[in-house]
Amino acid sequence: MNFDGGYTMTIAGKAVEAAETIAVINPATEEVIAQAPSANRYQLDDAVAAATAAFPAWAALTFAARRHYLHAMADRIEACKEDLMRLLTREQGKPRAGADWEMTGSIIWCRETAKLDLPVEVVEDSDVRRIEIRHTPIGVVGAITPWNYPVLLALWKILPALLAGNTMVLKPSPYTPLTTLKLGEILRDVLPAGVLNIVSGDNELGKWISVHPGIGKVTFTGSTETGKRVMESASGTLKRVTLELGGNDAAIVLPDVDPKAVAKELFWAAFQNSAQLCVAAKRLYIHAEIYDAVARELVDYARTVRTGDGSQQGIDLGPVQNRMQFEKVKDLLADARAQGAKFLLGGDVPDGTGYFIPVTIIDNPPEDSRVVVEEAFGPVLPLLKFDDIDEVIGRANNTVFGLGGSVWSRDTEMARKVAERLETGTVWINEIHIFSPHATFAGHKQSGIGIEHSHHGLLEFTNAQTIVMKKVTEAA
Ligand code: NAD
């Protein structure tokens with residue numbers, strides 16, 4: 001199979017091209033590396049029709065049979081891992097280690113999701129009646145994904161949707177459609193035709209999915225602003241929605257940590273994937289007693305990290321993925337500079353090819369400055385000083401977002417108490433970005449609606465059906 005060209009959509013198990021195309025750009029070189037199909041409305045109708053046709057047979061399979069398909073998907077993805085990793089670096093910009101993390105995680109996710117179950121719940125089984133709650137598939141699920149982790153975030157939707165008995169039409173981001181299109185291609189002979197349809201196109205295609213009357217649920221990962229639009233569009237047909245949206249996660253560093261020991265982990269908490277991670281630490285609150293020491297260690301470590309073209313050896317951080325995001329981050333930096341921010345590192349974006357932003361660390365900017373309030377989604381980190389636990393919890397929670405957060409302390413009981421008071425869907429203690437297919441991932445407040453992963457996430461791809469059955473007795 002050719003991973004360097006021939007990008008086609010997958011509809012009803014077949015390769016489909018489109019009259020219009022989207023140019024896909026390598027963010028490290030700004031070269032157009034491919035043209036991806038841009039589906040028109042009729043092609044979306046075709047994809048929904050294929051998914052609708054495939055649904056009855058897929059839903060009628062046993063759970064065990066669908067589990068078997070998930071394992072077959074894992075095997076096929078594993079066989080293509082190296083090619084997908086290379087393509088991921090070219091279209092997304094992430095270095096090899098990041099591409100490996102994403103692909104390894106994807107394979108694990110297939111096999112672990114297959115362990116989930118949807119048992120019938122029996123709430124009454126008396127002499128007179130039996131009441132059962134079943135969880136039935138919804139039908140055709142529409143999925144819309146972003147550009148930071150195109151493969152993993154697509155599979156976070158595909159796997160539970162299919163396991164629960166639904167079929168799917170999935171649209172990747174127009175910035176990173178290639179790995180997802182190849183995923184569709186390599187799975188064409190693994191899954192029955194029509195079970196997984198991949199269509200690519202611009203934002204308009206996402207809107208068409210959200211309003212399509214043949215789609216029963218939309219599962220979306222992306223920005224909070226777009227999530228609101230998806231919810232609005234989905235309301236016309238009362239689609240079920242799961243929205244995994246933006247975040248502005250606080251990391252809280254208590255005074256008992258060893259600054260040198262924690263600096264490396266804090267750095268990666270913030271800058272992993274060039275900080276294009278929904279749950280990156282985006283506000284680093286450090287206790288005043290150790291603020292200077294942590295800042296110094298962090299800057300020292302940051303100086304050892306190399307930013308560059310992810311396809312080159314020895315590169316730790318790649319570019320920002322696209323020009324739109326690059327301009328957004330540059331604008332945020334210009335605003336910080338205009339407000340008199342003190343840059344401990346970075347801050348100047350050099351002219352040149354590629355969407356490269358140097359690692360930037362800002363010294364204690366005002367709490368209401370844009371660089372603190374907004375989600376940068378790029379390698380810019382404000383360090384913020386605090387004196388008191390109640391104060392820092394208040395500041396951490398003072399945001400419309402509620403995705404994740406982290407607490408760093410040798411006193412794990414104290415850290416746990418702080419964690420419990422954070423208004424976020426996930427809190428990590430003394431580590432970060434550990435995800436499990438068996439643990440819920442959900443945004444509080446404007447970071448989302450609904451849950452991904454675990455039994456709870458699987459339920460989101462089902463309708464509940466209660467069967468109340470009066471028992472037939474001899475006398476009746
Ligand atoms: P985005 O919202 O711009 O785009 C996401 C997807 O939505 C793309 O496929 C896009 O084409 C599509 N889209 C755009 N307009 C649409 C519309 N009107 N209707 C339907 N679909 C539409 O987000 P992005 O810039 O690709 O990703 C970055 C954002 O995603 C960040 O805010 C980040 O925090 C968030 N994110 C969240 C999670 C999470 O799980 N919570 C994970 C990764 C990224």
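First listed ligand is number 1; within each ligand, the first listed atom is number 1. Positions are given from 1 along the sequence. Here the structure is a predicted model, which means the values were calculated and not measured.
Judged by the shortest distance from any of its heavy atoms, S447 lies outside the 4.0 Å radius around the atoms of ligand 1. Ligand 1 has no atom lying under 4.0 Å from any heavy atom of G443. Not close to ligand 1: W156, with no non-hydrogen atom less than 4.0 angstrom away. The shortest heavy-atom distance from S173 to ligand 1 is under 4.0 Å.
Among the atoms of L245, some N or O lies under 3.5 angstrom from an N or O of ligand 1. Residue-to-ligand polar distances keep E452 apart from ligand 1: every N/O pair is separated by 3.5 Å or more. Taking only nitrogen or oxygen atoms, main chain and side chain alike, R229 does not reach within less than 3.5 Å of ligand 1. Where the criterion is an N or O separation shorter than 3.5 Å, residue side chain and backbone included, T221 fails it with respect to ligand 1.
For the residue pair T221/E244, the side-chain donor-acceptor check at 3.5 Å is not satisfied. Side chains of T237 and K239: a donor-acceptor N/O pair is present below 3.5 angstrom, by distance only. In this model, a donor atom of one side chain and an acceptor atom of the other lie less than 3.5 Å apart for R188 and T8. Using modelled atom types and a 3.5 Å distance limit, the side chains of Y69 and R67 yield no donor-acceptor pair. A side-chain N or O of K81 and one of T104 form a donor-acceptor pair less than 3.5 Å apart. Side-chain contact, W428 with T426: no donor N or O sits under 3.5 Å from an acceptor N or O. No hydrogens or angles considered: nothing links the side chains of R421 and N397 as a donor-acceptor pair under 3.5 Å.
Looking from atom 30 (O) of ligand 1 to the surrounding protein, the closest heavy atom is G222 C, 3.0 Å. Counting only heavy atoms of the protein, atom 7 (O) of ligand 1 lies nearest to F220 CE1, 3.2 Å. Protein heavy atom at the shortest distance from atom 42 (C) of ligand 1 is C278 SG, 3.0 Å. In terms of protein heavy-atom proximity, atom 20 (C) of ligand 1 is closest to G206 C, 3.1 Å. For atom 25 (O) of ligand 1, the nearest non-hydrogen atom of the protein is W147 NE1, 2.9 Å. Looking only at protein heavy atoms, the nearest one to atom 44 (C) of ligand 1 is N148 ND2, 3.4 Å. Protein heavy atom in closest approach to atom 19 (N) of ligand 1: K207 N, 3.5 Å. Among protein heavy atoms, the minimum distance from atom 3 (O) of ligand 1 is reached at T226 OG1, 3.9 Å.
A cation-pi arrangement, defined by a distance under 6.0 Å to the six-membered ring centre and an angle within 45 degrees of its axis, is present between K182 and Y7. Stacking of K157 on the aromatic ring of F220 is not recorded, the 6.0 Å distance cut-off and the 45° axial limit not both being met. Cation-pi geometry between K217 and F461 is met: under 6.0 angstrom from the ring centre, within 45 degrees of the axis.
Close approach of ligand 1 to F441 is summarised as follows: ligand atoms under 4.0 Å from at least one heavy atom of the residue are 40 (O). The distance from ligand 1 to the heavy atoms of I144 drops below 4.0 Å at these ligand atoms: 6 (C), 7 (O), 9 (O), 12 (C), 20 (C), 21 (N). Under a 4.0 Å criterion applied to the non-hydrogen atoms of T145, ligand 1 contributes the atoms 6 (C), 8 (C), 9 (O). Atoms of ligand 1 found under 4.0 Å from any heavy atom of V230 (numbered from 1 in listed order, with element): 19 (N), 20 (C). The atoms of ligand 1 that sit less than 4.0 Å from any heavy atom of E375 are 31 (C), 32 (O), 33 (C), 34 (O). Below 4.0 Å from some heavy atom of L403 lie the following atoms of ligand 1, by number and element: 41 (N). Atoms of ligand 1 lying under 4.0 Å from at least one heavy atom of N203, given by number and element, are 10 (C), 11 (O), 13 (N), 14 (C), 15 (N), 16 (C), 22 (C). Close approach of ligand 1 to L153 is summarised as follows: ligand atoms under 4.0 Å from at least one heavy atom of the residue are 42 (C), 43 (C).
Checked against W156 for a side chain to side chain contact (heavy atoms under 4.5 Å, CB included), the options L159, L152, I158 give a single hit: L152. Test T179, T176, N26 against E91 for side-chain hydrogen bond (donor to acceptor under 3.5 Å, both in side chains) and you get one pass: T179.
Counting heavy atoms closer than 4.0 Å to ligand 1, residue T224 contributes nothing at all. Contacts between F377 and ligand 1, counted as non-hydrogen atom pairs separated by less than 4.0 Å, involve the side chain only.
Under the 6.0 Å cut-off for aromatic ring centres, W268 and H433 do not qualify, their centroids lying 6.0 Å or more apart.
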R323 vs E30, test: salt bridge (charged side-chain N to carboxylate O under 4.0 Å, His left out). Steps then yes/no. CA-CA 9 Å; R323 178 158 289 281; E30 296 184 52; 3.3 Å; yes
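Contact check on E232 versus K228 returns no salt bridge, with no Lys/Arg side-chain nitrogen under 4.0 Å from an Asp/Glu carboxylate oxygen.
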